[in-house]
Amino acid sequence: MIAQQTLYLAIVTAVLTQMFFVPDAPALEGLPAVKRWYYRYRIAILSFCLGTLLNMYTLFFFKSSSLLVSFSFLLVMVALLLLNEFGPFQRLGLSFKFALLSLCGLSFCATVVPMIFGQVGTAVFLASMAVGCVPMLALAAWLRRRAPERFAAARHQMLVPFGLMLVVFLGAYLLRVIPPVPLSIPFIGVYHSVERTQDGYRVSHERPIWAFWRNGDQQFRAQPGDRVYVFFRVFSPASFADEVSVRWFHRQDRGWALQDTIPIKIVGGRAEGFRGYGFKSKYQPGAWKVQIETTDGREIGRVYFDVEPVPASPRSFTVDIH
């Protein structure tokens with residue numbers, strides 16, 4: 001997939017650079033067959049490649065965070081995706097097309113550079129943005145040497161859109177709405193017990209059959225002495241060896257109050273994700289949530305549940321294997 005993304009980014013860069021020098025297609029009569037085909041379909045090539053890249057990155061970002069946290073960022077991604085697919089793409093200016101290329105290039109670096117370092121964090125994100133600046137700056141420098149009389153136009157149509165996209169990424173990171181790719185949580189749930197066995201993790205719950213959308217005991221009936229377990233799986237690439245924080249919040253009159261933070265080291269490479277869990281022995285009745293976050297405070301996933309104290313009585317648990 002990385003090779004495919006690299007190829008598509010190179011194709012889009014080459015086509016847009018050629019369009020910068022030749023914005024209007026010449027008369028096709030008398031041109032070689034390859035050139036006729038290129039000029040006839042170059043807008044379609046751009047739309048296809050950019051659409052594929054935007055599809056990928058929208059999916060990556062969607063899977064890498066809670067929708068509640070990253071809704072605004074994902075809304076922008078989806079709007080640009082739809083505009084590329086269904087809007088009058090051929091009538092959009094070259095500046096907008098370079099803005100889409102810049103968005104895809106920065107998204108590519110934000111995904112790949114953390115895989116090289118094997119971790120996420122502020123320093124890694126800034127390094128990915130710095131790497132993302134290199135191709136566009138190199139292209140601008142090449143254009144300045146080849147056609148200095150066109151550099152003012154290049155600055156307006158290439159560098160300004162790229163700068164705006166860079167500001168968007170940095171602002172989204174500062175506001176913690178940009179998802180922490182390439183990490184994601186495919187599963188998180190609340191249980192009465194979690195036990196590691198040779199077959200996997202045995203999780204016990206009392207979830208009624210009709211509540212099929214819940215993951216475990218999100219309506220937690222707590223008898224005396226019960227612990228509340230939160231089990232999760234974190235997907236990360238094979239080269240990852242990082243740390244996440246399990247943060248427990250209790251709903252109070254003034255909002256969510258942080259009760260505990262548990263750091264857990266994760267190792268990437270498992271097809272179903274790194275499995276981990278945390279538990280609390282001392283807790284209060286009421287509404288709770290648990291958030292899984294990166295070391296720089298960006299949320300990967302969350303789960304809500306309610307704790308209801310009940311008297312001791314016989315009960316039977318359903319056991320699942322993860």
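Just so it is clear, the values below take in all heavy atoms, side chains as well, and ignore hydrogens, waters and symmetry mates.
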Polar side chain donor-acceptor pair, Tyr304 to Arg302, under 3.5 angstrom: yes
Inter-residue atom distance Met158.CE - Leu16.CG, 0.5 Å rounding: 8.0 Å
Pairing of Arg298 and Glu293 as salt bridge, 4.0 angstrom limit: no
Single-linkage hydrophobic cluster Tyr41~Leu46, side-chain heavy atoms < 4.5 angstrom: yes
Euclidean distance, Phe232 CZ relative to Ile266 CD1, rounded to 0.5 Å: 8.0 Å
Donor on one side chain, acceptor on other, Arg207 and Gln218, under 3.5 Å: no
Check: Phe162 ring centre within less than 6.0 Å of Phe98 ring centre: no
Pairwise distance CG(Asp242) to OG1(Thr294) - rounded to 0.5 angstrom: 8.0 Å
Lys/Arg cation over aromatic Phe21: Arg146, 6.0 Å, 45° cone: yes
Salt bridge flag under 4.0 Å for residues Lys282 and Asp260: no
Short side-chain donor-acceptor distance under 3.5 Å, Tyr39 and Gln18: yes
Contacts of type side-chain contact (heavy atoms from CB on, under 4.5 Å), residue Ser313, not counting sequence neighbours: Gln223
More than 12 heavy atoms from other groups under 6.0 Å of CZ on Arg144: no
Non-neighbouring partners of Phe20 that pass ring-ring contact (aromatic ring centres under 6.0 Å, His included), sequence neighbours left out: none
Aromatic centroids of Phe220 and Phe305 separated by under 6.0 Å: no
His250 side chain to Gln284 side chain, donor-acceptor N/O pair below 3.5 angstrom: yes
Nearest heavy-atom neighbours spanning Pro182 and Met115: CG-CG, 3.8 Å
Enclosure of Glu149 CD (heavy-atom neighbours >12, cutoff 6.0 Å): yes
Shortest non-hydrogen contact between Trp256 and Ala287, atoms and distance: CZ3-O, 3.6 Å
From CA spacing to verdict: side chain to side chain contact (heavy atoms under 4.5 Å, CB included), Val34, Arg36: CA-CA 5 Å; Val34 174; Arg36 287 202 308 272; over 6 Å; no
Main-chain N/O of Gly51 paired to Asn55 side chain as donor or acceptor, under 3.5 Å: yes
Ring center gap for His205 and Phe317 short of 6.0 angstrom: no
Atom CZ of Arg221: over 12 foreign heavy atoms under 6.0 Å: no
Any donor-acceptor N or O pair under 3.5 Å, side chains Tyr229, Ser204: no
Between Arg202 and Thr197, a side-chain donor and acceptor under 3.5 Å: no
Any donor-acceptor N or O pair under 3.5 Å, side chains Tyr283, Gln259: no
Atom CZ of Arg315 with >12 non-hydrogen neighbours under 6.0 angstrom: yes
Residues, nucleotides or ligands: over 12 heavy atoms within 6.0 Å of Phe117 CZ: no
